Amino acid sequence: MKKLINAPDKVVDEALAGMAAAHPGLITLHTEPNFIVRADAPVRGKVALVSGGGSGHEPMHGGFVGRGMLDAACPGAVFTSPTPDQVLAATKAVDGGAGVLHIVKNYTGDVLNFEMAADLAKEEGLDVGAVVIDDDVAVQDSLYTAGRRGVGGTVLAEKICGGAAEAGADLASLAALCAEVKASVRSMGLALTACTVPHIGKPNFALGEDEMEFGIGIHGEPGRKRVTLEPADRVAEMLMAPILADLPFKPGDRVLLFVNGMGGTPLIELYIVFRAAHEIARRHGLTVARSLVGNYITSLEMAGTSITLLRLTDAMIAHWDAPVLTPSLRWGA
Amino acid sequence: MKKLINAPDKVVDEALAGMAAAHPGLITLHTEPNFIVRADAPVRGKVALVSGGGSGHEPMHGGFVGRGMLDAACPGAVFTSPTPDQVLAATKAVDGGAGVLHIVKNYTGDVLNFEMAADLAKEEGLDVGAVVIDDDVAVQDSLYTAGRRGVGGTVLAEKICGGAAEAGADLASLAALCAEVKASVRSMGLALTACTVPHIGKPNFALGEDEMEFGIGIHGEPGRKRVTLEPADRVAEMLMAPILADLPFKPGDRVLLFVNGMGGTPLIELYIVFRAAHEIARRHGLTVARSLVGNYITSLEMAGTSITLLRLTDAMIAHWDAPVLTPSLRWGA
Amino acid sequence: MADALDVAVLTEWLKRAAATINARQAYLSELDAAIGDGDHGANLARGFNAVIAKLGTPADPAILFKTVGMTLIGTVGGASGPLYGSFFLEMAKAVQGSAALDAAAWPRVLAAGVAGVVARGKAEPGDKTMVDALAPAVAALNAAAPLADTLAASAAAARQGAEATVPMIARKGRASYLGERSAGHPDPGATSSAMLLAALAEAAG
Amino acid sequence: MADALDVAVLTEWLKRAAATINARQAYLSELDAAIGDGDHGANLARGFNAVIAKLGTPADPAILFKTVGMTLIGTVGGASGPLYGSFFLEMAKAVQGSAALDAAAWPRVLAAGVAGVVARGKAEPGDKTMVDALAPAVAALNAAAPLADTLAASAAAARQGAEATVPMIARKGRASYLGERSAGHPDPGATSSAMLLAALAEAAG
Ligand SMILES: Nc1ncnc2c1ncn2[C@@H]1O[C@H](COP(=O)(O)OP(=O)(O)O)[C@@H](O)[C@H]1O
Ligand SMILES: Nc1ncnc2c1ncn2[C@@H]1O[C@H](COP(=O)(O)OP(=O)(O)O)[C@@H](O)[C@H]1O
Ligand SMILES: [Mg+2]
Ligand SMILES: [Mg+2]
Ligand SMILES: [Mg+2]
Ligand SMILES: [Mg+2]
């Protein structure tokens with residue numbers, strides 16, 4: 001295992017300390033339990049947004065804390081959802097009297113821990129809502145299963161809802177907007193290499209020189225199937241086809257196209273994938289009204305990419321464009 | 001070689017096309033010869049900043065084109081400096097009548113090609129200045145050698161000079177500011193893995209599971225020496241010690257601390273290194289007044305990190321803080 | 001050989017459980033790596049070590065179970081944290097007022113714990129989860145048998161239940177994302193549940 | 001066997017040079033990978049293929065050399081682009097007005113090209129660069145000898161010069177960053193220079 005770390009059990013705490021040191025004006029770090037809040041929290045009268053999940057997906061979620069996006073993020077151990085006390089403490093710390101919305105990725109662990117925290121917060125008299133993001137088309141949905149995973153769509157939901165919250169939306173309409181984003185977003189991912197969880201010390205799966213893992217999540221888990229290595233244009237097709245078919249996206253739709261890196265894939269490759277995905281979207285009759293390209297929701301040092309497509313409304317565009325001031329997503333401020 | 005590409009000889013052109021598609025409002029791509037200009041170029045009455053170099057270092061330089069930073073970037077083939085005709089065409093395209101400053105990284109190829117272009121531009125009557133950045137303390141400087149490489153300090157010089165140019169500095173004072181940044185900045189880098197140039201198909205050097213390459217540049221070339229893998233805190237020491245000694249940095253100095261990833265190292269590790277470097281700076285009596293953490297000047301998918309330390313003046317801080325609106329560095333706009 | 005589960009025996013249970021989890025941590029994580037995300041061993045080790053550190057000398061089984069449940073919830077994270085947390089919290093409610101649980105009382109208590117897991121996680125038998133070890137453990141209890149015997153039977157049923165998860169296709173938890181590729185591996189949570197019930201049988205045996 | 005370098009022979013030189021560069025591209029890049037950045041073969045292949053595509057039927061040696069120089073400058077990039085570009089541009093100036101270069105004329109022309117490289121790159125003999133092949137190639141020329149002989153001697157001196165770079169510690173170009181680690185490998189640019197001069201000897205031989 002080759003990593004710039006000191007010890008597996010110090011990874012999360014030291015990365016958080018580094019983050020706090022790097023962005024003193026934007027975020028404040030709380031420890032025991034771990035959570036990050038925007039520097040000016042709680043913001044009186046504004047609905048607060050809280051998200052969280054396992055660490056190892058940086059910059060998500062801590063890098064998205066700040067004005068115009070999340071009020072708090074709760075980082076768990078690497079690839080392990082946070083505990084209810086973290087979420088509860090964060091929820092109380094950022095509540096500005098207008099309620100708190102939990103944006104949760106659909107993993108059993110995340111859902112259960114956020115649920116428990118929401119129950120406890122409600123017992124303490126807080127107004128708490130929750131939306132569970134489940135945009136990963138690699139997973140067959142069914143009433144009888146854990147359902148689809150929450151992946152890239154989460155980043156978009158957090159930005160758009162963050163913009164709306166800053167603009168004064170109340171908890172109910174914010175939850176409705178978040179649900180609308182959730183209903184309008186689809187993602188699919190693929191790995192060229194596995195990643196190594198620090199305390200395990202070796203990758204969860206091994207890929208040959210000419211193999212890719214198709215339909216991965218964001219936790220280094222194996223995907224839906226092993227396939228042979230393909231050129232970037234073909235990779236974009238393989239990811240876009242199920243995404244386009246699923247919603248379905250229709251000619252004339254305006255979309256946000258998000259090409260994400262899994263952590264170890266450099267920007268030069270992501271732009272090559274973006275070019276191909278953009279061309280496929282165009283051929284499908286879509287208007288790519290907004291774009292995002294980069295490593296935003298990662299799996300440690302995994303090489304690979306995911307594509308997320310969000311069907312936009314005017315309101316979503318306005319909230320996407322609104323100023324955001326966080327460590328890793330920043331514009332207009 | 002596992003990469004999200006279509007073919008080695010299409011990498012640069014396709015990545016540029018993807019970049020242009022992703023940032024239509026910010027940048028404009030010219031082809032034959034390849035260069036990127038800010039969307040509103042030329043800006044009348046403003047000194048234009050032009051940089052460039054081999055591709056494979058993304059987001060540098062194309063990702064730094066836009067208001068408040070570069071007016072144009074000239075991308076060469078992967079790890080190969082651009083040709084004079086690219087630089088000349090870019091220089092002419094962005095000249096707003098107030099002259100053009102070339103910010104060049106100190107590599108023989110970059111220097112020679114930019115020199116040729118500047119000569120040609122001057123023959124055509126343009127006012128062109130150049131500053132060569134050479135901040136890499138891994139290389140011994142000497143009158144008789146090619147001198148030190150330009151690495152992380154280039155990013156800082158481009159942002160600070162970009163801020164000053166936007167504020168109306170003339171060519172002479174901009175060149176003086178750039179020279180001041182050059183004189184005040186030091187860097188050092190280290191690799192955990194090599195990287196693979198697409199048309200070569202295999203890494204330039206091979207590292208064992210417990211080896212690091214110390215004192216690397218940004219072209220996948222071997223470094224000064226091979227050392228055993230060390231924990232992140234020790235890595236930060238190994239990089240910071242020669243940096244601190246070289247300028248030298250003195251107690252009381254205000255600095256910008258830039259922890260850069262080489263392309264394949266995820267943010268969680270960079271923050272762990274930042275934490276350690278920040279602590280070392282503090283112990284040395286420095287005030288870390290500004291910070292930058294992320295993959296900004298990379299070597300394809302190489303895993304590793306470099307640290308850059310810049311001694312700040314009030315003017316540099318003001319220009320660093322000034323609004324910037326580029327694909328990869330953006331605030332206040 | 002205990003004929004009722006009092007605070008001393010239950011404390012011994014948790015110590016043995018923690019020891020097993022620590023000893024088998026890498027194995028549990030490996031199982032999880034095959035069909036999940038490879039953290040189940042580390043999650044439970046973190047949790048049970050915290051339990052041992054926190055436990056002290058609880059006044060009665062209810063307080064003991066509550067401490068265990070709250071500690072697991074506060075330290076494990078992931079899916080198994082809230083699930084094992086609910087398991088112990090529901091047992092805490094079920095033993096309210098009792099100083100010790102004999103063979104006749106235990107089935108109701110264990111059933112309450114398992115019901116807590118099902119209420120939280122909504123898993124059914126056959127979904128390839130810890131429920132596939134826990135539900136058979138309840139079913140195998142015999143209120144009329146000596147305590148050591150019924151706990152041994154319960155532990156054996158849990159182990160068989162865990163082994164029976166191998167061919168299953170997961171419908172809950174992370175392994176469900178793998179679809180058919182989840183078949184051919186034991187479920188990590190079912191395996192750790194079987195370990196817990198084995199530790200109980202040993203502590204009382 | 002030519003007794004002067006006219007447009008036909010020089011065109012043949014460039015074709016043979018391009019063929020060698022293409023055939024030895026991987027080898028040149030490997031040399032560069034060891035002490036540089038591994039692109040020297042690709043750089044020159046890109047450049048000489050462009051030269052062949054651009055060349056056409058130049059009216060005289062000056063136009064031919066100028067086309068070659070400009071094309072290399074416009075397509076190679078890196079350090080070798082401007083250096084080989086200057087090499088041919090300076091030769092273009094030196095041959096102004098001549099239709100052909102005999103053994104007496106060639107030393108002045110080649111020396112002008114090499115001086116162009118030195119003026120651009122500031123390298124001295126012993127710095128482990130292409131100059132270590134080019135300077136001996138000039139020195140070995142004999143204005144009084146038959147053209148084929150003097151070119152063969154020049155090419156042999158270039159090859160020896162290139163081989164002599166192996167133990168050198170680089171002081172110019174990318175390899176200089178390696179310090180002592182640059183010793184033990186031939187310089188890629190010196191190697192490609194030797195190839196160019198060998199192609200010339202063949203074309204005229
Ligand atoms: N809905 C559920 N109901 C019951 N048990 C579940 C459920 N989801 C997951 N589990 C159990 O949790 C185990 C995984 O726990 P763990 O690895 O600690 O958490 P995570 O899956 O969040 O990484 C699975 O092996 C399974 O037994
Ligand atoms: N200052 C210089 N003077 C002469 N030759 C040089 C100089 N710097 C580099 N070279 C030559 O250029 C060669 C490398 O060319 P190339 O690999 O194409 O460019 P780059 O080093 O920019 O990647 C070296 O092997 C050396 O012979
Ligand atoms: Mg987990
Ligand atoms: Mg090069
Ligand atoms: Mg797990
Ligand atoms: Mg080279």
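Residue numbering restarts at 1 for every chain, and letters A, B, ... go by the order of the sequence lines. Small disclaimer: the values here were computed from a predicted structure and weren't measured.
In the model, A:N260 has a side-chain atom that pairs as donor or acceptor with a side-chain atom of A:S306 under 3.5 Å. Looking only at atom types and distance, the side chain of A:H61 has a donor-acceptor partner in the side chain of A:K105 under 3.5 Å away. No hydrogens or angles considered: a donor-acceptor pair under 3.5 Å links the side chains of A:T80 and C:D39. Looking only at atom types and distance, the side chain of C:S192 has a donor-acceptor partner in the side chain of C:Y84 under 3.5 Å away.
Between chain C and the residues A:P82, A:G76, A:P84, the most heavy-atom pairs under 4.5 angstrom are made by A:P84. Listed options A:I200, A:N113, A:V139, A:V78 were ranked by heavy-atom pairs under 4.5 angstrom with chain C; first place goes to A:N113. Ranked by heavy-atom pairs shorter than 4.5 Å toward chain A, the options C:G179, C:G78, C:G36, C:A42 are led by C:G78. By number of non-hydrogen pairs under 4.5 angstrom with chain A, the leading residue of C:G81, C:S29, C:G173 is C:G173. Contact count versus chain C (heavy atoms, under 4.5 Å) is highest, among A:G109, A:G54, A:P33, for A:G109. Per-residue counts of heavy-atom pairs under 4.5 Å with chain A were compared for C:R174, C:E30, C:R46, C:K122; the largest is that of C:R174. Here A:R224 is the residue among A:R224, A:E221, A:K225 with the most heavy-atom pairs under 4.5 Å with chain C.
Atom NZ of A:K202 has 12 or fewer heavy atoms from other residues, nucleotides or ligands within 6.0 Å.
Residue contact with chain A, scored on non-hydrogen atoms closer than 4.5 Å, involves the side chain of C:R181 exclusively. Both the backbone and the side chain of A:L112 come within less than 4.5 Å of a heavy atom in chain C. A:D85 touches chain C through its side chain: at least one heavy atom from C-beta onward sits under 4.5 Å away, while N, CA, C and O do not. For C:T75, the part lying near chain A is the backbone, with the side chain staying farther off; criterion is any non-hydrogen pair under 4.5 Å. Residue C:A123: no heavy atom, backbone or side chain, is found under 4.5 Å from chain A. Residue C:Q25 does not touch chain A at all, counting heavy-atom pairs closer than 4.5 Å. No part of A:F205 comes within reach of chain C, as not one of its non-hydrogen atoms sits under 4.5 angstrom from that chain.
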Give the table of side-chain donor-acceptor pairs shorter than 3.5 Å for residues 87-98 of chain C, with sequence neighbours excluded, one pair per line with atom names and distance.
from, atom 1, to, atom 2, distance (Å)
C:E90, OE2, C:K93, NZ, 3.1
C:S98, OG, C:V95, O, 3.2

Inset, instruction - Apply the test side chain to side chain donor-acceptor pair (under 3.5 Å) to residues A:H102 and A:T91: give CA-CA distance (whole Å), side-chain angles for both, the deciding distance (0.1 Å), then the verdict. - result: CA-CA 9 Å; A:H102 289 174; A:T91 299; 2.9 Å; yes
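Taking the six-membered ring where the residue is Trp, the centroids of A:H219 and A:Y107 are separated by under 6.0 Å.
Geometrically, A:R149 engages C:Y177 in a cation-pi contact, judged by NZ or CZ lying under 6.0 Å from the ring centre and within 45° of the ring axis.
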